[in-house]
Amino acid sequence: MVADRSKKSKVAETTEEVSDHIDREFVLAVEKLQEAQDELEKVNEEASEKVLEVEQKYNEVRRPVYTKRNEIIKSIPDFWLTAFLSHPALGELFTEEDSKIFKYLDSLDVEDFKDVKSGYLITFNFKSNPYFEDTKLTKTFTFLDEGTTKITGTDIKWKEGMGTANGDNHEKNGNKRPPSDESFFSWFGETQQKDIAEGLHDEVAEIIKEDLWPNPLKYFHSEADEEDSEGDEDDEEDKGDLDGEDNAEEDEEESS
């Protein structure tokens, strides 16, 4: 009986020692894993800093090319109007009156701040026009440390009788874009601070910056391709009509 108790006690002690050993190994493994993860985080931070340095460097390299591109675009009638209208998302935001105003758009520019982490600026340069006094409309996005984005936009100086029809005095509903029957120019007045952590962001700005601005030519070409396609269809229809007329004439000659 005493021997059995002694045996059980030894077994219990052994089991406890094994359990303690496993626990120590588990803790050590987790600690080593955390150390490796911390090392990875450090490397990732260094990589992010290097990527930002490269991005800043190439922003400076791109700048004169963008300037050159803008000068070329000025020689193409209604380039930006066509590109915006051909874009599947941006085109939906335009009213008929917006299209008329965009005929006076001289150039568009998107520029990151020198510290690319701090924000960017979108600028619309307009020729003198009958709609508003401004020659430059801007929207600025400043990224704040607490994870929010401060947004400022031009308070458009509409000429008499033009403001209400083109987005002035528009009551905004939360963070949503106005309905499609509202002017695109309402967007300049949408300056509520966005909280990135809550998934709030300016979709129009992101589309312009990340999609339209890098290569607007693909959307300008998209409109041109559609016109060419319609022209080809018209040619086919005309050819079909002519063939039909020729066949009808042949049938009449044979019957006579």
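For the numbers below, each heavy atom of this structure counts, side chains included, while hydrogens, waters and symmetry mates do not.
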Side chain to side chain contact (heavy atoms under 4.5 Å, CB included) evaluation trace for Asp98 with Leu93: CA-CA 9 Å; Asp98 292 338; Leu93 305 177; over 6 Å; no

Side chains of [X] and [Y], heavy atoms from C-beta outward: is any pair under 4.5 Å?
X      : Y      : answer
Tyr104 : Pro130 : yes
Asp134 : Trp158 : no
Ile73  : Asn70  : yes
Tyr131 : Ile156 : no
Lys50  : Glu53  : yes
Leu108 : Ile122 : yes
Glu39  : Asn44  : no
Glu206 : Asp211 : no

Spell out, as yes or no, whether a donor-acceptor pair under 3.5 Å connects the side chain of [X] to the backbone of [Y].
X      : Y      : answer
Lys139 : Gly189 : no
Asp202 : Ala205 : yes
Ser86  : Ala83  : no

Nearest-0.5 Å distance that lies between atom [atom1] in [X] and atom [atom2] in [Y]:
X      : Y      : atom1 : atom2 : result
Ile101 : Met162 : CD1   : CE    : 8.0 Å
Phe143 : Lys150 : CZ    : NZ    : 14.0 Å
Leu105 : Leu81  : CG    : CG    : 8.5 Å
Ile72  : Leu217 : CD1   : CG    : 10.5 Å
Glu45  : Leu40  : CD    : CG    : 11.5 Å
Gln192 : Thr148 : CD    : OG1   : 13.5 Å

message = What verdict does the side chain to side chain contact (heavy atoms under 4.5 Å, CB included) test give for Lys157 and Phe132, after you've listed the backbone C-alpha separation in whole Å, the side-chain angles of each residue and the deciding distance to 0.1 Å?
response = CA-CA 6 Å; Lys157 299 179 180 66; Phe132 43 73; 5.5 Å; no

* Between Thr95 and Ser183, does a side chain to side chain donor-acceptor pair (under 3.5 Å) hold up when you go through it step by step? -> CA-CA 6 Å; Thr95 65; Ser183 171; 5.0 Å; no

Using a 4.5 Å side-chain heavy-atom cut-off and chaining through intermediate ILVMFWY residues, the residues clustered with Leu121 come out as Phe113

(Q) Checking Gln56 against Asp115 for the side chain to side chain contact (heavy atoms under 4.5 Å, CB included) test, could you report, in this order, the C-alpha distance in whole Å, the side-chain angles of both residues, the deciding distance, and whether it holds? (A) CA-CA 7 Å; Gln56 287 171 347; Asp115 177 2; 3.7 Å; yes

Would you please classify the geometry between the Phe79 ring and the Phe220 ring as parallel, tilted or perpendicular, with 30° and 60° separating the classes?
parallel

- Verify the ring-centre separation between Phe124 and Phe188: is it less than 6.0 angstrom? yes

Distance only, no hydrogens: is a donor on one side chain within 3.5 Å (strictly under) of an acceptor on the other, for Thr191 and Thr152? no

Check your understanding: Under the 6.0 Å and 45° cation-pi test, does Lys136 pair with Phe126?
Key -> no

Exercise for review: Measure from NZ or CZ of Arg69 to the centre of the six-membered ring of Trp213, then state whether that distance is under 6.0 Å and the direction lies within 45° of the axis.
Suggested key: yes

Query raised in the report: Is the shortest side-chain N to carboxylate O distance from Glu55 to Arg62 below 4.0 Å?
Result: yes

Quick one: do Asp112 and Arg63 make a salt bridge, cutoff under 4.0 Å?
no

Is there a continuous path of hydrophobic side-chain contacts, each under 4.5 Å between heavy atoms, that joins [X] to [Y]?
X      : Y      : result
Val51  : Val116 : no
Leu28  : Leu33  : no
Ile151 : Leu144 : no

The complete set of salt bridge (charged side-chain N to carboxylate O under 4.0 Å, His left out) pairs with one or both residues in residues 72-88, sequence neighbours excluded, reads Glu71-Lys74, Lys74-Asp106, Asp78-Lys103

Closest non-hydrogen atoms of Leu90 and His87, given as atom of the first, atom of the second and distance, are N-ND1, 3.3 Å

Here the pair of heavy atoms bringing Pro216 nearest to Pro214 is CD-C, 3.9 Å

Exercise for review: I would like to know whether Ser99 and Phe94 meet side chain to side chain contact (heavy atoms under 4.5 Å, CB included); could you show each step before the answer?
Suggested key: CA-CA 7 Å; Ser99 298; Phe94 272 60; 4.1 Å; yes

Apply the test salt bridge (Lys or Arg N to Asp or Glu O under 4.0 Å) to residues Asp145 and Lys117: give CA-CA distance (whole Å), side-chain angles for both, the deciding distance (0.1 Å), then the verdict.
CA-CA 10 Å; Asp145 292 338; Lys117 294 184 296 183; over 6 Å; no

Only one of Thr123, Asn125, Thr154, Asp109 passes side-chain hydrogen bond (donor to acceptor under 3.5 Å, both in side chains) with Thr138, and that residue is Thr154

Verdict with supporting geometry, Glu97 and Lys100, salt bridge (Lys or Arg N to Asp or Glu O under 4.0 Å):
CA-CA 5 Å; Glu97 201 69 12; Lys100 294 176 183 178; 3.7 Å; yes

